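Comments concern the structure below.
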Amino acid sequence: MTDSLKNCRRTHYSKQVTSDIKDEEVVLMGWIHEMRDLGGIIFVLLRDRDGVTQITAPSKKISTELFEDLRKLKKESVIAVRGKVQESGKAPGGVEVIPEELKLLSESKLPLPLDTTEKTRAEIDTRLDSRFIDLRKHSVSAIFKIKSRMLHSVRNFLESQDYTEINTPKIGASATEGGTELFPITYFEREAFLGQSPQLYKQMMMASGFDSVYEIAPIFRAEEHDTLRHLNEVTSIDVETAFTDHIDAMNLLERLVVDAVTQVKKYCQDELDTIGFDLQIPKTPFPRIEYDEMVDMVNSVGVHMEHGEDMPRAAEKAMGEIMDGYYFITGWPTSIKPFYVMPDPENPLKSCAFDLMFQDLEISSGAMRVHDHDLLVEKIKKQGLNPDSFNRYLAAFEYGMPPHAGWGLGAERFTMTLTGLKNIRETVLFPRDRRRLTP
RNA sequence: GCCCUGGUGGUGUAGGGGCUAUCAUGCAGGCCUGUCGAGCCUGCGACUCGGGUUCAAAUCCCGGCCAGGGCGCCA
């Protein structure tokens with residue numbers, strides 16, 4: 001039998017239990033992190049959102065009934081404790097709580113699927129199977145507090161620049177955009193697909209007079225990739241701005257990244273300490289390396305790469321060795337970029353596309369877009385696609401489409417750069433990869 | 001999808017044709033009034049699945065599933 005909450009409410013979080021409130025009565029609520037029963041004295045470590053407080057129960061100072069109730073507690077059960085804050089040099093952090101009342105709110109089954117005290121580490125697969133318990137570890141929840149702060153910063157920054165947040169459909173009819181594999185779904189009597197990118201919708205919004213838009217939403221890619229930096233469902237931070245070019249887009253992206261890093265460092269220092277990551281605020285401007293220059297750099301360290309081909313993984317790694325932190329690669333060949341990318345007016349074999357890299361990881365890619373209807377149709381045809389299936393998209397270019405540019409930034413890959421994590425799965429609560437569809 | 005490596009108690013591991021299957025953590029019980037990776041004693045708990053080879057398979061072989069690493073794919 002467990003107790004009910006009734007009108008009992010938490011007064012403090014563990015973090016707030018310091019010597020500043022000694023002798024005060026507090027009500028703490030949380031999970032039992034560890035129990036140490038020494039016979040005549042029991043130590044209960046109560047863990048809540050971002051801290052752990054020691055509940056100290058000496059048999060001679062509390063009632064026999066309460067003492068016996070405390071002795072029966074099990075790891076990871078949920079409790080509420082009313083007690084008095086006491087200073088003690090012998091307690092962790094110099095303070096402890098002497099209990100006066102205990103409520104057992106929810107009992108935990110034992111043994112646990114993994115060790116929340118991290119004495120024995122668990123593999124990522126085991127952790128993801130029991131993600132709700134894995135997230136009880138402060139070293140894991142810290143990642144998501146950092147990700148949350150990053151997303152807040154991005155929204156604040158874009159709102160401060162007068163961007164409008166939009167929502168575009170994630171279900172669509174098109175299977176003909178080319179490129180990545182799509183997930184087919186059943187849409188009543190028809191086949192439909194999950195959205196791979198809000199790209200075409202963002203561009204249609206450029207013809208709407210909104211000028212500056214952004215969307216933070218999931219995108220789905222049905223590629224059978226199986227790496228530490230790919231997932232089949234990720235969050236894309238997508239931005240599009242009218243009356244601007246790719247240089248403006250890069251400048252905006254650079255400012256947004258620096259702002260987010262600065263905010264994370266300012267508001268998440270505890271979390272960064274918890275995961276043991278020394279986050280550095282990058283210097284601006286980020287280095288901008290021409291594609292051709294990048295190919296030469298890669299070749300000069302003995303990694304073969306042809307001019308005109310997309311970066312093989314070995315080339316990314318080579319660049320990661322040479323470069324430190326964030327940098328842009330610009331002037332990509334038109335032939336390896338999608339149809340909506342604007343060719344360089346000086347040299348149409350090159351494009352106004354850029355990638356933002358962090359060492360060996362591509363975290364964003366963007367471009368100035370084609371806004372001329374006829375050129376766009378021509379480019380769609382050149383990529384072996386049928387312009388007819390882009391009717392609704394192409395119509396937006398026929399009645400006054402301003403020049404525009406934008407980018408998509410991978411929220412999880414960006415989080416990897418903010419936490420130093422090497423496995424993208426660590427940055428998603430419930431990741432979806434080639435094999436994992438639950439929980 | 002390809003290549004390499006692996007799958008042993010709840011968790012993390014050692015071992016590698018015949019043994020009572022190693023260790024840590026955990027769990028259960030006991031002792032202990034200052035623990036903080038508490039300590040001590042007793043106990044519990046495992047060879048990924050299917051097929052094959054063999055007198056005998058956790059161990060060798062084949063396949064499935066899953067995982068780790070690498071690559072490819074990623075308009």
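Quick note on labels: first sequence line is chain A, next is B, and so on, each numbered from 1. These numbers were taken from a predicted model, which means no experiment stands behind them.
Atom CG in A/D433 sits about 15 Å away from atom C1' in B/G1, given to the nearest Å. Remark: C1' of B/A28 and CG of A/L112 are 15 Å apart, rounded to the nearest angstrom. Across the protein-nucleic acid pair, A/K382 atom NZ and B/A75 atom C1' stand 16 Å apart, rounded to whole Å. Note: CD1 (A/I32) to P (B/C27) measures 12 Å, nearest angstrom. Distance A/R121 CZ to B/A24 C1': 12 Å, rounded to the nearest Å.
Counting non-hydrogen atoms under 4.0 angstrom, A/L228 reaches the backbone sugars and phosphates but no base. Within the nucleic acid shown, A/K379 has no heavy atom closer than 4.0 Å to any nucleic acid atom. Heavy atoms of A/D310 sit nowhere under 4.0 angstrom from any nucleic acid atom. A/E362 comes within contact range of no nucleotide atom at all, as no heavy-atom separation falls under 4.0 Å. Within the nucleic acid shown, A/I124 comes within 4.0 Å of sugar-phosphate atoms alone, with no base atom in reach, counting heavy atoms only. In this structure, A/Q54 reaches the bases: a heavy-atom distance under 4.0 Å links it to at least one base atom across the strands shown. When heavy atoms are screened at a 4.0 angstrom cut-off, A/A91 is found touching base atoms of the nucleic acid. Backbone-only contact: A/T126 has heavy atoms under 4.0 Å from sugar-phosphate atoms and none from a base. Among the heavy atoms of the strands, none lies under 4.0 Å from A/K422. A/K75 comes within 4.0 angstrom of sugar-phosphate atoms only, judged by non-hydrogen atoms across all strands, and of no base. Note on A/P113: only backbone sugar-phosphate atoms sit closer than 4.0 angstrom, heavy atoms only; bases stay farther off. The residue A/R436 sits apart from the nucleic acid: no heavy atom pair falls under 4.0 Å. In this structure, A/S88 reaches the bases: a heavy-atom distance under 4.0 Å links it to at least one base atom across the strands shown.
Side-chain proximity of A/P111 to the nucleotides B/U33, B/G12, B/G26 is greatest for B/G26. Each of B/C73, B/G1, B/U13 was ranked by its minimum atom distance to the side chain of A/E224; first place goes to B/G1. The nucleotide whose nearest atom lies closest to any side-chain atom of A/D115 is, among B/U33, B/U25, B/C71, B/U25. Taking the side chain of A/K60 as heavy atoms from C-beta on, and the options B/C32, B/U11, B/U33, the nearest nucleotide is B/U33. Side-chain atoms of A/L110 lie closest to B/A28 of the nucleotides B/A28, B/G34, B/U35.
Between A/R127 and B/U11 there is no side-chain N or O to OP1 or OP2 distance below 4.0 Å. Considering only side-chain N and O atoms, A/R435 lies under 4.0 angstrom from the phosphate OP1 or OP2 of B/C66. Residue A/T227 places none of its side-chain N or O atoms closer than 4.0 Å to OP1 or OP2 of B/C74. The phosphate of B/G1 has OP1 or OP2 within less than 4.0 Å of a side-chain N or O from A/R434. Phosphate contact (OP1/OP2 of B/A28, side-chain N/O of A/K74, threshold under 4.0 Å): present. Phosphate contact (OP1/OP2 of B/G10, side-chain N/O of A/K109, threshold under 4.0 Å): absent. Contact annotation: A/R221 side-chain N/O to B/C73 OP1/OP2 distance is not under 4.0 Å. For A/K119 and B/U11, the shortest distance from a side-chain N or O to OP1 or OP2 is not below 4.0 Å.
Taking atom C1' in both B/U25 and B/A46, the straight-line distance is 15 Å, to the nearest Å. Comparing the same atom, P, in B/G64 and in B/C2 gives a spacing of 9 Å after rounding to whole Å. Comparing B/U13 with B/A67, their C1' atoms sit 16 Å apart, to the nearest whole Å. B/C47 and B/U59: their P atoms are spaced 12 Å apart (whole Å). Atom name P, nucleotides B/U8 and B/A58: the rounded distance is 15 Å, in whole Å. For the P atom pair drawn from B/U22 and B/U48, the interatomic distance equals 16 Å after rounding to whole Å. Rounded to a whole angstrom, the distance from the P atom of B/C74 to that of B/G16 is 44 Å. B/A14 and B/C71 have their C1' atoms separated by 32 Å, given to the nearest Å.
Remark: B/G50 base-pairs with B/C62. Criterion, Watson-Crick or G-U wobble with two distances under 3.5 Å. Using Watson-Crick or G-U wobble geometry with both donor-acceptor distances under 3.5 Å, B/A67 finds its partner in B/U5. Pairing for B/C73 is absent, with no Watson-Crick or G-U wobble pair whose two atom distances lie under 3.5 Å. Pairing for B/C27 is with B/G43, a Watson-Crick or G-U wobble pair whose two hydrogen-bonding atom distances lie under 3.5 Å. Summarising the base pairing, B/U33 is matched to no nucleotide, lacking a Watson-Crick or G-U wobble pair whose two defining distances lie under 3.5 Å. For B/U20, there is no paired nucleotide, since no Watson-Crick or G-U wobble pair has both relevant distances below 3.5 Å.
A salt bridge is defined here as a Lys NZ or Arg NE, NH1 or NH2 lying under 4.0 Å from an Asp or Glu carboxylate O, and A/D226 with A/R435 meets this definition. Under 4.0 Å is where a charged nitrogen must lie from a carboxylate oxygen, and between A/R47 and A/E34 no such pair does. At a threshold of 4.0 Å, the pair A/R229-A/E362 does not count as salt-bridged, since none of the basic side-chain nitrogens sits closer than that to a carboxylate oxygen. A salt bridge links A/K350 with A/E290: the distance from a Lys NZ or Arg NE/NH1/NH2 to an Asp or Glu carboxylate oxygen falls below 4.0 Å.
Between the side chain of A/H230 and the base of B/C74, at least one donor-acceptor pair of N or O atoms lies under 3.5 Å. One cannot find a donor-acceptor pair under 3.5 Å joining the base of B/G72 and the side-chain atoms of A/E223.
For A/Y187, the OH atom sits in a loose shell: 12 or fewer heavy atoms of surrounding residues, nucleotides or ligands are nearer than 6.0 Å.
Residues A/E118 and A/S139 have side chains that bring a donor and an acceptor to within less than 3.5 angstrom of each other. A donor atom on one side chain and an acceptor atom on the other are found under 3.5 Å apart for A/Y393 and A/Q203. Using modelled atom types and a 3.5 Å distance limit, the side chains of A/E309 and A/H307 yield no donor-acceptor pair.
For the side chain to side chain contact (heavy atoms under 4.5 Å, CB included) with A/R288, the qualifying choice from A/F354, A/F328, A/Y327 is A/F328, the only one to do so.
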